[in-house]
Amino acid sequence: MKQFLQILLVAGLATNAQAQLVEDTVSVGAGYANDVWYNLADGAETSAPQADWHIAFETGTMSAGLHFNSPVTGYELKVHPGTPADFETADTTGYSTWEKLYNDDNNWTVGAFSKVENDVDYNYGWGEYSLVSHNLEGIRFFIAKIGNEYRKVFIKELQSRIGQYTIIIDDLANTQRDTIVFNKNIATGKNFGYINILTGDVFNREPNKSDWDLVFQRYSALQNNGTYANATGVRHNNNIVVAIAKEVEDPETFEDTTGLTWKSEINTIGYGWKSVDYVTFLWSIADSTVYFAKDTSTKEVWRIVFRDFGGTANGNNMFGKEKLEVTTGIADRKNQINVSLSVYPNPAANGQFTVAYDVQRNVNKLSLDIIDLSGRTVYSQQLAPNAGFRAQTISVPQLSSGMYLVRVSQNGDGATQKIMIK
């Protein structure tokens with residue numbers, strides 16, 4: 001069987017040897033003013049001004065993630081040290097010392113409104129799960145700075161069963177109060193819906209999640225020193241995993257994904273494919289690097305080679321792309337995984353819960369990871385890699401109360417579920 005698969009792989013590579021990369025350019029505009037969602041198959045683009053929104057909400061039935069548009073110059077989000085009872089009298093005394101909040105840059109789940117210390121049970125950052133109402137109820141409020149204007153933001157409630165938010169917005173003088181009530185289904189089929197807190201508008205600005213693979217945009221990226229800085233780069237959709245081949249001899253023909261690690265972190269492509277000389281302010285592209293993007297549902301694989309970057313003058317991202325025809329080779333079979341996952345009880349008391357998973361075929365290695373809101377892996381263990389249904393009891397009493405992600409995967413390709421530890 002191994003010899004037969006190797007023959008398939010060689011034959012497939014031979015068929016593709018004469019293929020040419022299709023050249024394309026995606027422009028985010030001068031000053032990186034736009035977000036551009038991109039479909040690899042047909043090159044379709046959807047563009048929207050980056051500065052037209054302030055809060056983004058996840059649309060999933062069990063989701064409560066809220067993002068803030070921190071990459072836009074002059075947009076800031078900070079948590080007020082008071083309680084909701086202080087909303088009416090709140091001001092910005094001490095504002096400069098409060099911590100600025102950012103969205104997690106390597107997943108779409110953890111937004112800035114959740115990046116608050118988890119100091120109570122059932123805590124989602126902005127709100128707390130109620131065992132009585134089964135809703136998320138606001139436990140703190142925020143100050144959003146939009147240019148020279150300040151707005152108090154209190155996410156009062158998310159009615160979980162019907163997906164309805166109630167958000168209260170006001171200025172510091174309590175003269176522009178706006179209560180925004182909306183249902184998440186306004187953005188059905190999309191990853192996020194959007195809110196402009198100055199106008200109170202709730203609207204759509206991105207394509208359906210089935211219609212795009214990559215998004216070219218400016219975002220707040222976590223640096224090695226633990227701080228955030230704006231970066232312009234490429235992030236990918238939830239159904240995409242990415243592998244990187246570095247120092248390859250010929251990027252124009254390199255197609256071998258054998259041994260590469262497929263990663264689900266949305267910033268795997270990121271901004272590192274380019275760099276700027278701060279003396280000449282000229283951009284250069286990482287030499288001999290090839291990116292592979294795989295759709296985990298269709299198993300289609302695209303290879304991408306970046307060509308050039310236009311910088312702030314036009315925001316042009318230039319690259320070549322090619323769809324690989326080899327889908328049954330050893331490399332693809334090694335990394336593909338189809339797994340169903342459930343965690344219960346949720347919330348989990350004292351870090352005790354069960355992970356039930358169903359793997360459709362044998363894999364080489366299967367990992368269980370628990371990831372905190374900062375993206376840090378706080379617990380990891382190996383699971384039985386054989387096909388079939390299993391239930392594994394997990395005990396992590398050392399973890400503090402709060403929301404975590406549970407991931408069962410092989411090389412980043414797998415399934416993820418949220419769990420609240422109380």
Side-chain angles (χ1 to χ4, degrees), residues 21-38 45 47-52 68-77 96 99-106 112 145-148 214-236 242-254 260-261 263 265-293 302-322 374-375:
L21 290 168
V22 175
E23 303 299 320
D24 207 346
T25 297
V26 173
S27 175
V28 296
Y32 316 134
N34 302 309
D35 295 328
V36 182
W37 294 266
Y38 181 81
E45 299 180 16
S47 179
Q50 187 178 59
D52 64 358
F68 185 76
N69 198 1
S70 57
V72 174
T73 302
Y75 288 13
E76 292 182 347
L77 182 71
S96 62
E99 181 184 3
K100 186 176 178 181
L101 302 175
Y102 297 89
N103 309 316
D104 197 307
D105 67 338
N106 66 11
K145 184 175 183 291
I146 313 297
N148 294 322
L214 309 176
V215 58
F216 294 75
Q217 63 183 177
R218 180 173 51 177
Y219 61 96
S220 296
L222 183 63
Q223 307 299 298
N224 292 332
N225 63 2
T227 64
Y228 282 83
N230 281 350
T232 301
V234 185
R235 297 195 287 179
H236 62 255
V242 171
I244 307 174
K246 297 182 179 180
E247 299 180 1
V248 303
E249 184 173 347
D250 185 4
E252 298 304 306
T253 60
F254 185 86
L260 298 181
T261 298
K263 296 183 177 181
E265 287 78 8
I266 63 173
N267 59 354
T268 301
I269 296 178
Y271 61 91
W273 53 272
K274 55 183 170 50
S275 59
V276 65
D277 184 321
Y278 287 100
V279 176
T280 64
F281 293 99
L282 296 177
W283 291 91
S284 59
I285 306 303
D287 292 333
S288 308
T289 301
V290 180
Y291 296 86
F292 296 91
W302 289 80
R303 70 184 184 104
I304 302 167
V305 179
F306 286 97
R307 305 297 194 195
D308 202 357
F309 182 64
T312 189
N314 53 37
N316 286 345
N317 299 264
M318 289 151 272
F319 56 95
K321 65 176 183 179
E322 176 194 7
S374 69

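Below, each value reflects all heavy atoms present in this structure, side chains not excepted, and no hydrogens, waters or symmetry copies. Just so you know, residue 1 is the first one in the sequence shown, and it goes up from there.
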Name all residues meeting the ring-ring contact (aromatic ring centres under 6.0 Å, His included) criterion together with F306; count only those two or more places apart in sequence or in a different chain, and write none if there are none.
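For F306, the residues satisfying ring-ring contact (aromatic ring centres under 6.0 Å, His included) (neighbours in sequence not counted) are W273, Y291.
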
Output all residues satisfying ring-ring contact (aromatic ring centres under 6.0 Å, His included) with Y219, sequence neighbours left out; order by chain, then residue number.
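Scan of Y219 (ring-ring contact (aromatic ring centres under 6.0 Å, His included), adjacent residues dropped) gives none.
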
Take I304 and F292 through the side chain to side chain contact (heavy atoms under 4.5 Å, CB included) test and state the conclusion after the steps.
CA-CA 6 Å; I304 302 167; F292 296 91; over 6 Å; no

Search all heavy atoms of [X] against all heavy atoms of [Y] and return the closest pair with its distance.
X	Y	answer
E252	L21	OE1-CD1, 3.3 Å
A231	Y271	CB-CD2, 3.4 Å
G272	A286	O-CB, 4.3 Å
A112	L77	CB-CD2, 3.9 Å
H236	L214	CB-CD2, 3.9 Å
T289	I244	CG2-CG2, 3.8 Å

How about [X] and [Y]: do any of their side-chain heavy atoms sit closer than 4.5 Å?
X	Y	answer
Y102	S70	yes
K100	T227	no
V28	N317	yes
F319	V305	no

What is the distance from atom [atom1] of [X] to atom [atom2] of [Y], rounded to the nearest 0.5 Å?
X	Y	atom1	atom2	result
D308	K274	CG	NZ	11.5 Å
S47	W37	OG	CH2	7.5 Å
T268	R235	OG1	CZ	11.5 Å

For [Y], does its backbone N or O pair with a side-chain atom of [X] as donor and acceptor, under 3.5 Å?
X	Y	answer
D287	E247	no
E322	G320	no
D105	L222	yes

Taking atom CG of N148 as the centre, does the number of heavy atoms from other residues, nucleotides or ligands within less than 6.0 Å exceed 12?
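It does not: N148 CG has 12 such atoms or fewer within range.
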
Once side chain to side chain donor-acceptor pair (under 3.5 Å) is applied, what residue pairs with a partner in residues 22-35 remain, sequence neighbours excluded?
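Matches after skipping sequence neighbours: E23-R307, D24-Y38, S27-N316, D35-Q50, D35-R205, D35-Q217.
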
